[in-house]
Amino acid sequence: MDRLTKTRSQAKKSLKITIQKMAPAVLTALIATTLGFIALYTSPVPMIQDFGKMLSLGMIISFIVGVFILIPLLYIRDGFFRESEVKIEQKSISISTFDRFLNWWTNKVMMFRWVILIVAIGLAALGIVLDLEAPAETDVETFMPQESEALADINYVREVLGSTSQVSLIYEGEDILSDSTLTWVERISEDIVAEFPNEVVKIQSLPELLDTIEQEQRSLEISSNSTYGFEDSATVNKVDLIELLPEDQRNRFINTTNTKGVIHINIEKMSTEELESFVEELKSFIEGNRIGSLETTLTGQSILDLEMVTALTTGRYQMTLLGMALVFLGLLAIYRRPEKAIIPLLPILLIVGWSGLVVYGLGIEYTPLTATLGALIIGIGTEFTILLMERYYEERQAGASNRTAILIANQKIGKAIFASALTTIGGFSALLFSDFAILSDFGMMTLINIGLALISTILVLPALLMIVGPWIYREKLRQSI
């Protein structure tokens, strides 16, 4: 009975220490991680915004589960089930082996701290330079399973029709059925085909439809019982013919108030760069051939796809820097000390460059998903560095020297960071088996970046603390006097 009481007392003491020591550090890491994910909210693409929201929500739920479910379960296990002590004793050998490894590793890191930092910064700088020129894969069809029936159907339709892509030229005016406007539509359609013979497959416009109908009338020698009510095709008035068109045909080219019309331009399948160049040239060509007060706008599904993919794959550095700034401001509000707020971010900043170096070395192209990894790795990596730094400061406050504090912090928190990194890697590894290349690439890049975050935390941060730790601690003591 005494042993059971002692076990429960120890479990209660452990519970109290865990909540007092770990909960604030984990909460700080949670806030910093969530602030990093908030950078995703600035994306103009709704699905990336939703991705950031789900990541933030997942972090909050994980914290709540950890504090209010996991910790009580551990207390119940250690306080009411004596066999847990046996399990702990059985694991002591493997734990001490890992501790010795971390102790050896940390000593080596502190010994070669300057070499580690110089090499790490140099590789990051090289990676950033190379990453600026990294290509982005934006062809949606390459993201699909290449053996899928849907992709085969798309290719078949493209072979039959010559095109499955389209842009639309919308023109607006007070009366787009005037002879001058109809003449302009017919002329600009012919000029676009002549100007862009390699890109344009076919153009569909209102005058083209009317010409087709008139040719059919002449070839069939339409009588007085004609569908359109004309006895002599030569006397057909185009405006009258438009009014008698079936509604579904009419609505494809003109609105009900006769103020807006559209020209459908079927185009060849092009890469994002080629499509972007074509669209810019087409806009300039149309603007240079516009008449009077007629307003023109180039739109269509291809234009929307182009803008979406461009929004996804550009500005990734801006998103990353925004995430860094938000995390820094959040940590500054918590710690009230700039140096303490910036230290956890410096190792993460290096990961951005390392990741670019890996992308270049492996020949990986950025996709709409992997372009968001900057903000993602800020959130995940900052959690690691904050937990390690918090334990370092805890040991310093307890009177440990700078070297001893780093040794203990890396030894104690290093195990938790390893476990967290490995479980996160395990979760994202499932994406590697996806049939969709975009998900598989995202999974691979996430694994690489989490691995880099782990390396940076247990390699760069101890080296950094070894150099700046004494100065920071002296500054803290001076401020407290």
Side-chain angles (χ1 to χ4, degrees), residues 33 36-37 39-40 43 45-59 127 130-155 158 164 269-273 275 305-306 308-317 319-320 323 348 351-381 420-456:
T33 302
F37 292 154
L40 296 173
S43 172
V45 182
M47 73 175 185
I48 299 300
Q49 298 175 11
D50 292 340
F51 182 50
K53 293 174 185 176
M54 291 304 299
L55 289 173
S56 302
L57 181 61
M59 290 297 301
L130 295 175
D131 191 54
L132 291 173
E133 304 298 327
E137 178 57 67
T138 54
D139 187 351
V140 178
E141 292 183 14
T142 62
F143 303 150
M144 300 173 59
Q146 297 303 298
E147 299 80 14
S148 67
E149 184 177 349
L151 186 58
D153 292 341
I154 292 175
N155 291 327
R158 186 177 291 123
T164 56
K269 184 179 183 297
M270 292 179 269
S271 65
T272 301
E273 294 77 12
L275 179 60
D305 291 343
L306 177 64
M308 181 194 71
V309 171
T310 302
L312 284 168
T313 53
T314 58
R316 59 180 183 271
Y317 275 108
M319 192 180 297
T320 301
I348 308 305
I351 299 174
V352 177
W354 296 352
S355 178
L357 192 61
V358 172
V359 168
Y360 178 83
L362 297 179
I364 299 174
E365 293 183 335
Y366 280 104
T367 67
L369 280 182
T370 54
T372 66
L373 278 175
L376 182 64
I377 203 60
I378 289 173
I380 296 175
S420 178
L422 291 177
T423 54
T424 306
I425 287 174
F428 279 102
S429 295
L431 296 177
L432 297 176
F433 302 98
S434 174
D435 292 333
F436 288 85
I438 188 172
L439 290 179
S440 179
D441 291 344
F442 178 68
M444 175 60 71
M445 286 303 302
T446 303
L447 300 188
I448 292 173
N449 278 276
I450 293 174
L452 293 176
L454 175 62
I455 294 172
S456 185

Closest approach of I425 to L447 (non-hydrogen atoms, all atoms of both residues): O-CD2, 3.2 Å
F442 and S434, any side-chain heavy atoms less than 4.5 Å apart: no
S56 side chain vs G52 backbone, donor-acceptor pair below 3.5 Å: yes
Counterpart residues, side-chain hydrogen bond (donor to acceptor under 3.5 Å, both in side chains), relative to S355 (two or more places apart): N449
Trace of the side-chain contact (heavy atoms from CB on, under 4.5 Å) decision for F51 with F37: CA-CA 9 Å; F51 182 50; F37 292 154; over 6 Å; no
Between CE on residue M444 and CG on residue L432, distance to nearest 0.5 Å: 5.0 Å
Any donor-acceptor N/O pair, T423 side chain to S420 backbone, under 3.5 Å: yes
I351 vs I455 side-chain heavy atoms within contact, under 4.5 Å: no
Value rounded to 0.5 Å, distance of OG in S456 from CH2 in W354: 4.0 Å
Rounded distance (nearest 0.5 Å) linking atom CG of L439 with atom CG of L431: 6.0 Å
Side-chain heavy-atom pair M319, L40 within 4.5 angstrom cut-off: yes
Side-chain touch I450/L454, heavy atoms, less than 4.5 angstrom: no
Residues which pass side-chain hydrogen bond (donor to acceptor under 3.5 Å, both in side chains) with T424, listed by chain and number, not counting sequence neighbours: none
